[in-house]
Amino acid sequence: MSGGFQRARRPEQIEARRAAILAAARELLAERPVAEISLRELSCRVGLAKSNVLRYFDSREAIFLEVLDVTWTDWLDDLEETLADPGPAEPGFAREERLAGTLATSLAGRPLLCDLVSSMGSVLERNISLEFARSFKRRAAANTERLGTLVRKRIPELSAEGAAHFASAVVVVVSGLWPYANPTEAVAAASAELGGPPVDELFTTALAEGLANLLAGLVARGR
């Protein structure tokens, strides 16, 4: 399968090869979580040897971080159109609750983004070069800053610092909540026996509640 491999040399050839690798990664991610996909399997899907795939990316993890960056940006583009225009403050933080609910529903509708975000700090950032880490963290910071700007536009009482804190917290909360809300079959069955909420409802409900509390707290504290 890789016996006829010819190394891409021109910039357009390199970009085409990188695009093919990323497309194969997205295909596999549509089938199962990132934790279950090996570099060997990805290489076979794109039709290259592992060593040839690594000519274009630092590592398996770098490939999936590139997919995360694109997926994250796509979500923010969609979110910018979805979020309602800013309105006046309402009693009982109803506006904050509504925004938190919109964010939670939007994220729940993007399982690929949530899966990759939940794997980012604990897995995907553990096997990348310093050069790639610098590039990715700059892009991640820009995405987080953009989310904070979108939220602050709808909640003007938030300071720039408060909006940045909230945006960073969204990443942290999703990272912890997504694996918890997507357990193995055995854990899901045991939770159901104990009367826990259905796992398909847990993520959206818990995320909306957590984000609403955080937003309301930041506004109440004048942050």
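Side-chain atoms are counted along with the backbone in the values below, which use heavy atoms only and exclude waters and symmetry mates. Remember, it's a predicted structure, so these values are computed and weren't measured experimentally.
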**OP:** Verify, without hydrogens or angle tests, whether Ser175 (side chain) and Val117 (backbone) share a donor-acceptor contact under 3.5 angstrom.
**Re:** yes

**OP:** Taking side-chain hydrogen bond (donor to acceptor under 3.5 Å, both in side chains) as the test, write out the residues that go with Asp78, two or more places apart.
**Re:** none

Original post:
Would Leu112 and Leu68 satisfy side-chain contact (heavy atoms from CB on, under 4.5 Å), going step by step from the backbone distance to the final call?
Top reply: CA-CA 8 Å; Leu112 172 57; Leu68 169 57; over 6 Å; no

**OP:** Compare every heavy atom of Met120 with every heavy atom of Val171, then report the nearest pair and how far apart it is.
**Re:** CG1-CE, 3.7 Å

**OP:** Begin with the C-alpha distance, continue with both residues' side-chain angles, and end with the deciding distance and a verdict on side-chain contact (heavy atoms from CB on, under 4.5 Å) for Glu61 and Phe132.
**Re:** CA-CA 11 Å; Glu61 289 76 12; Phe132 182 82; over 6 Å; no

**OP:** Run the numbers on Val53 and Ile63 for side-chain contact (heavy atoms from CB on, under 4.5 Å), then give the verdict.
**Re:** CA-CA 10 Å; Val53 170; Ile63 294 169; 3.7 Å; yes

**OP:** Kindly write out the residues that satisfy side-chain hydrogen bond (donor to acceptor under 3.5 Å, both in side chains) with Arg146, not counting sequence neighbours, or none if the list is empty.
**Re:** Asp77, Glu80

Original post:
Under 3.5 Å, side chain of Arg152 to main-chain N/O of Leu158, donor-acceptor pair present?
Top reply: yes

Original post:
Is a side-chain N or O of Arg45 found less than 3.5 angstrom from the main chain of Arg40, in a donor-acceptor match?
Top reply: no

Original post:
Which residues satisfy the side-chain contact (heavy atoms from CB on, under 4.5 Å) test with Glu131, sequence neighbours excluded?
Top reply: Ser129

Scan the side chains in residues 207-218 for donor-acceptor partners under 3.5 Å anywhere in the protein, sequence neighbours excluded, and list what turns up.
{"from": "Asn213", "atom 1": "ND2", "to": "Glu209", "atom 2": "O", "distance (Å)": "3.3"}

Subject >> Check: Leu22 main-chain N/O paired with Arg26 side-chain donor or acceptor under 3.5 Å >> reply: no

Original post:
Tell me, do Phe203 and Cys114 make a side-chain contact under 4.5 Å, heavy atoms counted?
Top reply: yes

Original post:
Can you name the side-chain hydrogen bond (donor to acceptor under 3.5 Å, both in side chains) partners of Ser38, sequence neighbours left out?
Top reply: none

Original post:
Just wondering, do Asn52 and Ser43 contact through their side chains at under 4.5 Å, heavy atoms?
Top reply: no

Original post:
side-chain contact (heavy atoms from CB on, under 4.5 Å) with Thr102: which residues, sequence neighbours excluded?
Top reply: Thr82, Leu83

Original post:
Do Ile14 and Ile21 belong to the same hydrophobic cluster, where Ile, Leu, Val, Met, Phe, Trp and Tyr are linked whenever their side-chain heavy atoms lie under 4.5 Å apart, directly or via other members?
Top reply: yes

Original post:
Given Ile128 and Ser59, is the side-chain contact (heavy atoms from CB on, under 4.5 Å) satisfied, shown in steps?
Top reply: CA-CA 7 Å; Ile128 55 177; Ser59 62; 4.0 Å; yes

Original post:
How about Arg18 and Tyr56: does a side-chain donor come under 3.5 Å of a side-chain acceptor?
Top reply: no

Subject >> Any Val151 side-chain heavy atom under 4.5 Å of Leu147 side chain >> reply: yes

Original post:
Which distance, rounded to the nearest 0.5 Å, do you find between the CG of Leu29 and the CD1 of Ile37?
Top reply: 4.0 Å

Subject >> Results of side-chain hydrogen bond (donor to acceptor under 3.5 Å, both in side chains) for Asp74 - residues two or more places apart only >> reply: none

Subject >> Residue pairs passing the salt bridge (Lys or Arg N to Asp or Glu O under 4.0 Å) test where at least one lies in residues 118-129, sequence neighbours excluded >> reply: Glu125-Lys137

Subject >> Side-chain touch Leu150/Arg154, heavy atoms, less than 4.5 angstrom >> reply: yes

Original post:
How far does CZ of Arg138 sit from CG of Asn143, to the nearest 0.5 angstrom?
Top reply: 13.5 Å

Subject >> Sequence neighbours excluded - salt bridge (Lys or Arg N to Asp or Glu O under 4.0 Å) pairs with any residue from residues 172-183 >> reply: none

Original post:
Taking the side chain from Thr144 and the backbone from Ala167, do they hold a donor-acceptor pair closer than 3.5 Å?
Top reply: no

**OP:** Return yes if some donor-acceptor pair links the side-chain N/O of Arg139 with the main-chain N/O of Ser135 below 3.5 Å, else return no.
**Re:** yes

Subject >> With Ala20 via side-chain contact (heavy atoms from CB on, under 4.5 Å) - residues at least two apart >> reply: Val46

Original post:
Among all residues two or more places apart in sequence or in another chain, which pass the side-chain contact (heavy atoms from CB on, under 4.5 Å) test with Ala206?
Top reply: Leu177, Leu202

**OP:** Would you confirm whether Ser119, through its side chain, and Leu116, through its main-chain N or O, come within 3.5 Å as a donor-acceptor pair?
**Re:** no

Original post:
Are Tyr180 and Val34 in one and the same hydrophobic cluster, where Ile, Leu, Val, Met, Phe, Trp and Tyr link if side-chain heavy atoms are under 4.5 Å apart?
Top reply: yes

Original post:
Once you round to the nearest 0.5 Å, how far does CZ of Arg98 lie from CZ of Phe93?
Top reply: 13.5 Å

Original post:
Got a second to check how far Phe166's CZ is from Leu103's CG, nearest 0.5 Å?
Top reply: 5.5 Å

Original post:
Would you say Arg110 and Trp72 make side-chain contact, with heavy atoms under 4.5 Å?
Top reply: no

Original post:
Are any side-chain N or O atoms of Asp115 and backbone N or O atoms of Pro111, one a donor and one an acceptor, separated by less than 3.5 Å?
Top reply: no

Original post:
Considering residues, nucleotides and ligands other than Glu185, do more than 12 of their heavy atoms fall under 6.0 Å from its CD?
Top reply: no

**OP:** State, yes or no, whether a side-chain contact exists between Phe64 and Leu28 at a heavy-atom distance under 4.5 Å.
**Re:** no

Subject >> Sequence-distant partners of Trp75, ring-ring contact (aromatic ring centres under 6.0 Å, His included), two or more places apart >> reply: none

